[in-house]
Amino acid sequence: MNKIAFFIAVLCAFTSCSKDSEDSASGVDYGYYYPMLDATITASQIGDGTGKLDPKGIAIANDKLYVCNGDQLDIFNAQTLAFEKTIRKYIKGTTTIDFTKLSSISIEEGRIYLGSVDSRVFILDEKTTGGISTLGNGQWWTTFVHVFGVVVRDGLVFVKEKETTVKVFEVSQITETSNWNLAPIAKLNTVSGFDEIYSMDVSNGNLVIAGRDAKSFLYYKIADIRANGAASLSTPMSPTKAALGDNRPTSLNFSTDWAMTSENIGNVNYVRLYSKEDFLNKNYNSIVSSSDILGKEKFGTIYSVAQLDDRLFISDNSNQKIKVIKLKKASIIEQK
């Protein structure tokens, strides 16, 4: 092995990076992408700094970062990461409900949808954080058998409950006067599952679920859900998927061009970035695949990821941090 090739191998091993290459007149230009830590959010930055950070679902909307943190929702400025406020209760008129075991969050069309393991979805006004409505009443034998994930896109609300069921509702069903025990318009089958936090997102007419127990990403066409919703209430709709071996996807987030994921293999947790077009076509050739940051800051269990401009946000539950990373590129030209 020549010195250039040896250096490339060492660099890639050190940074847990990914590469691309391009022929040039002078040789082959190897481009390696690797993560650099930009910032972290810890418990010391929340309120008076004496509480805990148990990060589960996260979301970014209108330059705000929302973090599901145990029994509270913490809100930060997504640009500066300055702490803004904590919300611990759903309040609407004379109705007050304490938040408990928050699992997941989605923000769409001026509403915050907040999932609780205690069998509820809270719907809040994004600007005021005042209550709009609730799905479920906190009893697992009614609307939901717990709530382990929620995402809202394309006029639909997707709620992952215990075991293998995702219930689907129309956004238009949920109003300030709607009942908490709404009937779903469709049900989806996640193949495998029990009581784990689940991550989902929607892009290009597809709902995609990080199927940690099915060891694959699960794809459902929105058009099929709408067309076959009634039939799926008795036989939940199955996904299309591609086997990933021992790879257990744990989170997923789409941006304009990218699909960002976290994936677990054995005792190692990876953050990966794919071309969105390739990902939606089930071509899993990652542009970035990293289990740490330059040999340090090893990733723990990740429940949620988010993207804003050139920064990637990671809900690292094991390490009790929100890690914010930026990607760097190292270019090395091997002479012909």
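Fair warning: this is a prediction, and the values are worked out from it, not measured in the lab.
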Please test S116 against D118 for side chain to side chain donor-acceptor pair (under 3.5 Å), starting from the C-alpha separation and ending with a verdict.
CA-CA 5 Å; S116 164; D118 286 338; 4.6 Å; no
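Note on R88 versus D71: no salt bridge recorded, every NZ/NE/NH1/NH2 to OD/OE distance being 4.0 Å or above. Remark: K64 does not engage E126 in a salt bridge, criterion side-chain N to carboxylate O under 4.0 Å. In summary, D316 and K321 do not engage in a salt bridge, as defined by a charged side-chain N under 4.0 Å from a carboxylate O. One finds no salt bridge joining R212 and E196 here, because no Lys/Arg side-chain nitrogen approaches an Asp/Glu carboxylate oxygen to under 4.0 Å.
Side-chain contact between M237 and V168 is absent, with no heavy atoms from C-beta onward closer than 4.5 Å.
In summary, the side chains of D54 and N317 do present a donor paired with an acceptor at a separation below 3.5 Å, with no hydrogens or angles considered. In this structure, a donor-acceptor pair under 3.5 Å is absent between the side chains of R120 and T100. No side-chain donor from either of S199 and S304 sits under 3.5 Å from a side-chain acceptor of the other.
Using a distance-only test at 3.5 Å, with no hydrogens or angles considered, no donor-acceptor pair links the side chain of S251 to the main chain of Y303.
F158 has its ring centre no less than 6.0 Å from the ring centre of Y220.
Under the side-chain hydrogen bond (donor to acceptor under 3.5 Å, both in side chains) criterion, K89 pairs with D98, not counting sequence neighbours.
For the side chain to side chain contact (heavy atoms under 4.5 Å, CB included) with V150, the qualifying choice from V166, L135, L114, V157 is V157, the only one to do so.
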